[in-house]
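Small disclaimer: the values here were computed from a predicted structure and weren't measured. Sequence lines set the chain letters: A, B, ... in the order given, protein chains first and strands last, and positions in each chain run from 1.
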Amino acid sequence: MIAYVSAEWRRLFASRLPLWGLVAAIGSGALIGLLALVGPENFQPPLPGLETEIGTRMVLGLLGMLAFVPALLGTTAVAAEYRHRTITATALFVPRRWAALVAKLVVYAAAGLGYGLATAAVAGSALFAAAAVKGVVLGLPATAVLALLGRIAVAMAGYTLLGVAVGALLRNQLAALAVLGGYFYLVETALLALPGADLVYPYLPGGAAAALTGFTYVADAVASQTGGASVELLPASLGAAVLLGYTLLAALVAVAVPLRRDIT
Amino acid sequence: MIETRGLSKRFGAVTAVSELTFTVAPGTVTAFLGPNGAGKTTTMRMILGLLTPSAGSATINGRRYADLRRPSSEVGAVLDDSGFHPSHTAHAHLRVYACMGGHSRSRVAEVMEVTGVAAFAGRPTRTLSTGMRQRLHLATALLGDPRVLVLDEPGNGLDPEGIAWLRGFLRGLAGEGRTVLVSSHVLSEVEQLAGHVVMIREGRLVTAGAVTGLISAERPTLEHVYLGLTGGAA
Ligand SMILES: Nc1ncnc2c1ncn2[C@@H]1O[C@H](COP(=O)(O)OP(=O)(O)OP(=O)(O)O)[C@@H](O)[C@H]1O
Ligand SMILES: [Mg+2]
């Protein structure tokens, strides 16, 4: 298993994906810095500024919204094995297909966490810098900001694994990207408009991630548009547990399903 | 030693391979012949555990591929549909699979040397020619120094020099007592390369045996034998 993990690590770092990942991580972080610099008070519609707790949470929560980016990178990496037909060689070298996939999951959990930490580091520095430039004190103590950033990094690692699992299940890179992107951007948000959704949403991946990262903007926005009551998210720790559950479930399905399929 | 027993594969309504029983012995190159769509690739993929047989079994040294302890050290394979990550260099590709199979760095250098991959080791695989890709596939197959080789049209895309080299190389491997199964459509080449043939048609065995036993006064070349047995015009 150690050999498989180090082979997958080598495969990842011999490609250009880590470079793109780094670009995306820095880009996401910098975007947060830009938003902080502009300030929520200048958003459309205007929101409480950085000096308020809500304002600071809001800007950090937007970073949580970008957690799907590493999921897309994970999907890309796994589906690429089918697209470039390296899956044949991999299956020959590791006939126990679950073992090959477990190695991938280990590698991408680490890579996803690395991505999350890089993003959080850039975003955190940019946020503090923006506050300093604007001469405001953030509405949250620095320790709370760091804790939120850490949770976002963990959520990103979880999402990366979800992406890997979806890629392994669907095999087709475009289909997997479409499903993943469509789900996070459309399906979950659309679900919120249904009656009774407020009961289900906290337990969906997006809702659980929102609880983990303390970001309720999407839920609140939908609630205000439909005139419904705002959705009560789970406590952060429970959100983390639910997200972990989804990740494990996706990984389990991804490991179990290909076992019975022919490699054609 | 490769053995198939009543090996069959159906894809929906299509029966690709039907009740195929043959043995591939070590020490000589065995050519796997048959018209397009006869089921050669399907049979090889079942031997290699990539396809699950609908019936029957295929074993390598008495074990199913999936049950081999270190598959890449026992069996090397070249398959027509396999590929490379486009941004990996040839060397990086070999290092990934050497790592996966637990083969050493020096072994990577060795296979690059014998297959000629060393000449383009630093190039991204997306820039490689058909023949270069074929050499890289062969190098990947050889990483574990396997005793059994299963090669699906390994000569495809090789230049005349490459084909002559491959012939000598495969004969050398068989001469060391290895088991070598090679599919091909180039009968003149097979005649110089193989000691045995397994011939199939529409998924069924047509004949198997030593080349010398198949050639006769009426059928002086492998092409005569092939066309006679597979129903083509002689
Ligand atoms: N994945 C698949 N799904 C459906 N049919 C398939 C599949 N793979 C192969 N076949 C069919 O099985 C039969 C045997 O195909 P196969 O590729 O094994 O032939 P082959 O002897 O390798 O041919 P060639 O000399 O052209 O390489 C053909 O009729 C082919 O269409
Ligand atoms: Mg074929």
Any [X] side-chain heavy atom under 4.5 Å of [Y] side chain:
X: A:R10; Y: B:M100; answer: no
X: A:L92; Y: B:Y97; answer: no
X: B:V96; Y: A:E8; answer: no

So what's closer than 4.5 Å to chain A heavy atoms on [X]: side chain, backbone, both or neither?
X: B:H91; value: neither
X: B:L68; value: neither
X: B:L48; value: both
X: B:R64; value: neither

Query raised in the report: Side chain of B:H88, backbone of A:R11: donor and acceptor closer than 3.5 Å?
Result: yes
Query raised in the report: Taking all atoms of both residues into account, what is the closest heavy-atom pair of B:P71 and A:F93, and its distance?
Result: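 Between these two residues, the closest heavy atoms are CG-O, 3.7 Å.
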Report task. Go through A:A89, A:A91, A:S6 and name the one with the most non-hydrogen pairs under 4.5 angstrom from chain B. Result -> A:A89
Query raised in the report: Using a cut-off of under 4.5 Å for heavy-atom pairs, which of A:A103, A:A100, A:P95, A:A80 has the most such pairs with chain B?
Result: A:P95
Report task. Quick one: pull up CZ in A:R97 and CG in B:L50 and give me the separation to the nearest 0.5 Å. Result ->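 So the CZ of A:R97 and the CG of B:L50 are separated by 6.5 Å.
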Query raised in the report: Say you draw a straight line from OG of B:S87 to CG of A:L19; how long is it, rounded to the nearest 0.5 Å?
Result: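 Going from OG on B:S87 over to CG on A:L19, the span is 10.5 Å.
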Residue [X] excluded, over 12 heavy atoms near [atom1] under 6.0 Å:
X: A:F13; atom1: CZ; value: yes
X: B:R204; atom1: CZ; value: no
X: B:R171; atom1: CZ; value: no
X: B:R105; atom1: CZ; value: no

